[in-house]
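Position 1 is the first residue of the sequence, and the numbers go up from there.
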Amino acid sequence: MKNEKRYWAPIKSRFGNFAAWVDSEGRVLRFHLRAKGAEKVDPEAERNEKKLAHVQRQVTEYDDGKRRHFDFELAPDGPEFHRQVWAALLEIPFGETASYGAIARKVGQPHAARAVGAANGANPIALIVPCHRVIGSDGSLTGYGGGLPLKRALLEHEAKVAGRPFDLFV
């Protein structure tokens, strides 16, 4: 991945200014919930809005309630356990939530809720890999890289688009 050409661009959203990175084939490598300092995340990546137009388009469709699933090819970098957790996050339905414990059970590690939390926190492709859909077993909003107000806003948006009442236990 280090020798391959990479691109990044700010991604505008009704939820804030984000940043994304793709490889030369357009696979999403990273999606950060803050654009500030993005140019320093991967100094070798070239800023190129055209190479990330497909990311901007799908985020805009998500914002507008016209997209419930992103259809990017993803290429996150991380340990095998983290990749298993991120794959499980992709299975949480739009407009619903799951607990860390439920994800731990899904990946075959029923006592690894804390490790799931660590993997969730290390998710390099936030929003696209929906770590915002993971909540505490008591229904509480727990840590989120973009902050709890953003997590709540994303969950409320998805519930509204899905035609459901906002309920953390759905």
Side-chain angles (χ1 to χ4, degrees), residues 1 6 8 10-11 13-23 27-38 40-42 45 52 55 58-59 62-63 67-162 164 166-170:
M1 183 168 88
R6 295 173 308 283
W8 79 277
I11 303 296
S13 167
R14 66 183 272 207
F15 298 103
N17 293 318
F18 305 141
W21 290 257
V22 298
D23 64 15
R27 294 178 298 191
V28 178
L29 303 169
R30 291 185 196 95
F31 191 97
H32 287 196
L33 299 170
R34 291 187 182 92
K36 186 174 177 152
K40 297 175 185 168
V41 170
D42 182 352
L52 283 99
V55 176
Q58 289 193 32
V59 169
Y62 171 88
D63 285 356
R67 175 172 292 277
R68 294 177 182 216
H69 306 329
F70 295 100
D71 63 8
F72 304 119
E73 186 174 345
L74 305 177
D77 188 27
E80 179 60 27
F81 178 75
H82 287 194
R83 290 195 312 264
Q84 290 174 3
V85 169
W86 302 334
L89 299 179
L90 289 167
E91 295 178 19
I92 303 171
F94 181 91
E96 296 185 21
T97 57
S99 70
Y100 293 96
I103 299 297
R105 290 186 295 279
K106 180 127 184 107
V107 299
Q109 301 286 332
H111 302 292
R114 287 180 191 252
V116 165
N120 204 42
N123 173 13
I125 307 178
L127 183 67
I128 312 304
V129 176
C131 51
H132 60 279
R133 295 181 189 155
V134 183
I135 61 171
S137 60
D138 62 355
S140 63
L141 289 181
T142 56
Y144 187 59
L148 294 181
L150 175 59
K151 184 172 187 167
R152 176 176 281 283
L154 293 171
L155 292 173
E156 287 175 345
H157 168 71
E158 291 184 5
K160 180 179 178 186
V161 170
R164 299 173 181 255
F166 177 60
D167 181 353
L168 294 175
F169 284 110
V170 173

Give me the atom names and distance for the closest heavy-atom approach of [X] to [Y].
{"X": "Ile103", "Y": "Ala98", "answer": "CD1-CB, 4.1 Å"}
{"X": "Ser99", "Y": "Ser137", "answer": "CB-CA, 4.0 Å"}
{"X": "Gly136", "Y": "Thr142", "answer": "N-CG2, 3.8 Å"}
{"X": "Pro130", "Y": "Leu90", "answer": "CD-CD2, 3.9 Å"}
{"X": "Ala162", "Y": "Gly95", "answer": "CB-CA, 4.3 Å"}
{"X": "Pro76", "Y": "Pro124", "answer": "CB-CG, 3.7 Å"}

Are the side chains of [Y] and [X] in contact, using a 4.5 Å heavy-atom criterion?
{"X": "Leu141", "Y": "Ile135", "answer": "yes"}
{"X": "Phe31", "Y": "Ile11", "answer": "yes"}
{"X": "Val107", "Y": "Phe81", "answer": "yes"}
{"X": "Phe70", "Y": "Val28", "answer": "no"}

Quick one: does [X]'s side chain have a donor or acceptor within less than 3.5 Å of a partner on [Y]'s backbone?
{"X": "Trp86", "Y": "Ala119", "result": "yes"}
{"X": "Gln58", "Y": "Arg67", "result": "no"}
{"X": "Arg133", "Y": "Ile92", "result": "yes"}
{"X": "Arg164", "Y": "Glu96", "result": "no"}
{"X": "Arg30", "Y": "Trp21", "result": "no"}
{"X": "Asn17", "Y": "Ala35", "result": "no"}

Exercise for review: For residues 104-129, pull every pair meeting side chain to side chain donor-acceptor pair (under 3.5 Å), keeping only residues two or more places apart or in separate chains.
Suggested key: Glu91-Lys106

Check your understanding: Which of these, Arg152, Glu158, Lys151, sits in a side-chain hydrogen bond (donor to acceptor under 3.5 Å, both in side chains) with His132?
Key -> Glu158

Let me confirm one number: the [atom1]-[atom2] distance from [X] to [Y], rounded to the nearest 0.5 Å.
{"X": "Leu127", "Y": "Tyr62", "atom1": "CG", "atom2": "OH", "result": "5.5 Å"}
{"X": "Ile125", "Y": "Leu89", "atom1": "CD1", "atom2": "CG", "result": "11.0 Å"}
{"X": "Asp71", "Y": "Ile128", "atom1": "CG", "atom2": "CD1", "result": "10.0 Å"}
{"X": "Phe18", "Y": "Arg34", "atom1": "CZ", "atom2": "CZ", "result": "10.0 Å"}
{"X": "Leu150", "Y": "His157", "atom1": "CG", "atom2": "NE2", "result": "11.5 Å"}
{"X": "Lys160", "Y": "Leu155", "atom1": "NZ", "atom2": "CG", "result": "15.0 Å"}

Exercise for review: Sort out for me which residue in Asp23, Asp42, Asp77 forms a salt bridge (charged side-chain N to carboxylate O under 4.0 Å, His left out) with Arg6.
Suggested key: Asp42

